[in-house]
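A quick write-up on the structure given underneath.
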2 protein chains.
Amino acid sequence: MNIKEASEKTGVSSAAIRYYEKESLIPAIDRTPVGNRDIDDRIIRRIRFVTQMRAAGMSIENLRRYIELFDAQEDNTKEQKALLQEQLAVMEEKRDDLQAAIDHLNYKLNHFYDHMEATEEELRQLEKEHADKITQEDDTPDGF
Amino acid sequence: MNIKEASEKTGVSSAAIRYYEKESLIPAIDRTPVGNRDIDDRIIRRIRFVTQMRAAGMSIENLRRYIELFDAQEDNTKEQKALLQEQLAVMEEKRDDLQAAIDHLNYKLNHFYDHMEATEEELRQLEKEHADKITQEDDTPDGF
DNA sequence: GCTTGCCTTGAAGTGTACATGAAGGTTTAA
DNA sequence: TTAAACCTTCATGTACACTTCAAGGCAAGC
């Protein structure tokens with residue numbers, strides 16, 4: 001498939017795919033006789049892997065380092081493993097921070113009582129929860 | 001406290017704190033008679049809130065929009081709520097992507113067998129798992 | 001044969017989120 | 001009283017991750 005189809009399939013722009021190839025985040029892509037990129041499923045998987053890791057907050061630089069190690073299939077499994085574990089730890093921390101932020105926003109959302117929407121039942125529920133939590137969580141009296 | 005102490009307390013650079021104030025991510029900070037910023041705990045909480053949301057991937061722009069709504073304490077709770085919910089959705093998707101990436105890496109890690117480290121027991125375990133999963137998960141035969 | 005639509009490379013431009021530097025003011029310590 | 005160590009504003013610089021532009025090649029349809 002050509003680069004445009006690959007772009008549509010992955011949601012990554014053609015320019016970004018070229019950029020990823022240039023930065024060695026994906027392997028060198030095969031070319032047709034006239035020099036156009038001919039992208040197969042292996043490349044598509046790699047692009048998706050890159051997208052996933054990028055979404056997870058991994059920098060291009062770190063990703064390239066990781067992929068370099070992975071592609072050079074020598075006896076560096078120990079190094080790979082260490083790198084993987086290191087990256088995992090970073091990502092898990094990130095996930096936990098994200099969850100904390102989500103909890104924070106959810107808490108705020110649940111303690112919003114919107115006069116236009118809240119049913120009496122919801123209001124009672126919110127007040128009850130608030131009474132339960134006021135001593136432990138109202139260290140942020142300004143809402144932040 | 002002065003800006004340097006606030007910076008040390010929050011882990012946010014002095015320049016970034018000034019930038020946040022300029023961009024209205026935090027309220028206008030009180031000044032000492034000579035014009036230096038005098039930062040109190042309310043500002044510290046705001047800085048921490050910004051840090052948390054930034055770490056969660058919220059842009060300065062969105063954060064400012066949200067805080068503007070929040071600070072203008074009029075009857076915009078519906079709008080605030082909508083904005084919060086929008087942001088929550090973004091963050092939950094991000095968390096899920098991150099979890100998917102974590103799962104991906106964990107899978108790879110569990111299927112690494114490092115000749116230098118793996119005990120025979122671990123090796124047997126890995127082979128067993130591999131046999132169990134080969135049909136369902138080996139859609140990534142190249143490791144990506 | 002010309003337009004359309006894809007592709008190529010390389011260079012330059014863009015947006016975000018700060019960081020850094022210049023020029024100067026204030027307070028403390030020797 | 002002079003140096004150190006803070007601070008101020010405003011302007012400019014920087015890193016990252018692309019995006020856009022310029023200039024041109026190839027293939028199909030009219």
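Throughout, a chain's letter reflects where its sequence line sits, starting with A, and its residues are numbered from 1.
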Please report, rounded to the nearest Å, how far the [atom2] atom of [N] is from the [atom1] atom of [X].
{"X": "A:Ile60", "N": "D:dC16", "atom1": "CD1", "atom2": "C1'", "result": "9 Å"}
{"X": "A:Asn36", "N": "D:dA28", "atom1": "CG", "atom2": "P", "result": "12 Å"}
{"X": "A:Glu61", "N": "D:dC16", "atom1": "CD", "atom2": "P", "result": "8 Å"}
{"X": "A:Arg64", "N": "D:dC18", "atom1": "CZ", "atom2": "C1'", "result": "15 Å"}
{"X": "A:Leu63", "N": "D:dC18", "atom1": "CG", "atom2": "C1'", "result": "15 Å"}
{"X": "A:Ile47", "N": "D:dA17", "atom1": "CD1", "atom2": "C1'", "result": "16 Å"}
{"X": "B:Tyr19", "N": "D:dG13", "atom1": "OH", "atom2": "P", "result": "18 Å"}

Of A:Ala16 and B:Val34, whose nearest nucleotide on DNA chain D comes first from the 5' end?
B:Val34
For D:dC7 and B:Thr32 - does any side-chain N or O of the residue sit under 4.0 Å from the phosphate oxygens OP1/OP2?
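Answer is no, no contact under 4.0 Å.
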Strictly below 4.0 Å: does B:Asn2 bring a side-chain N or O up to OP1 or OP2 of D:dC7?
yes
Flag yes if more than 12 heavy atoms outside A:Glu93 fall under 6.0 Å of its CD atom; otherwise flag no.
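No, CD of A:Glu93 has 12 or fewer neighbouring heavy atoms, counting only those of other groups under 6.0 Å.
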Counting neighbours of CD on B:Glu5 that are heavy atoms of other residues, nucleotides or ligands and sit closer than 6.0 Å, is the number greater than 12?
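Count over threshold, so yes.
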Using a 4.0 Å heavy-atom cut-off, does [X] contact any base of the nucleic acid, only the sugar-phosphate backbone, or nothing at all?
{"X": "B:Ser14", "value": "nothing"}
{"X": "A:Arg18", "value": "base"}
{"X": "B:Arg37", "value": "sugar-phosphate"}

For the side chain of A:Asp40 and the backbone of A:Ile43, is there at least one donor-acceptor N/O pair under 3.5 Å apart?
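Flag set: sc A:Asp40 to bb A:Ile43 pair under 3.5 Å.
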Under 3.5 Å donor-acceptor, A:Asn36 side chain and A:Arg31 backbone
no
Is the shortest distance from a Lys or Arg side-chain nitrogen in B:Glu61 or B:Arg65 to a carboxylate oxygen in the other one below 4.0 Å?
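No, B:Glu61 and B:Arg65 are not salt-bridged.
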Taking only Lys NZ, Arg NE, NH1 and NH2, and the carboxylate oxygens of Asp or Glu, determine whether A:Arg54 and A:Glu23 approach each other closer than 4.0 Å.
no
B:Ile3 has a side chain; which of D:dA17, D:dT20, D:dT8 sits nearest to it?
D:dT8
What are the bounds, 5' to 3', of the part of DNA chain C that sits under 4.0 Å from heavy atoms of chain A?
C:dC6 to C:dT9
For A:Tyr20, check ring pair (Phe, Tyr, Trp, His ring centres under 6.0 Å) against everything at least two apart and list the hits.
none
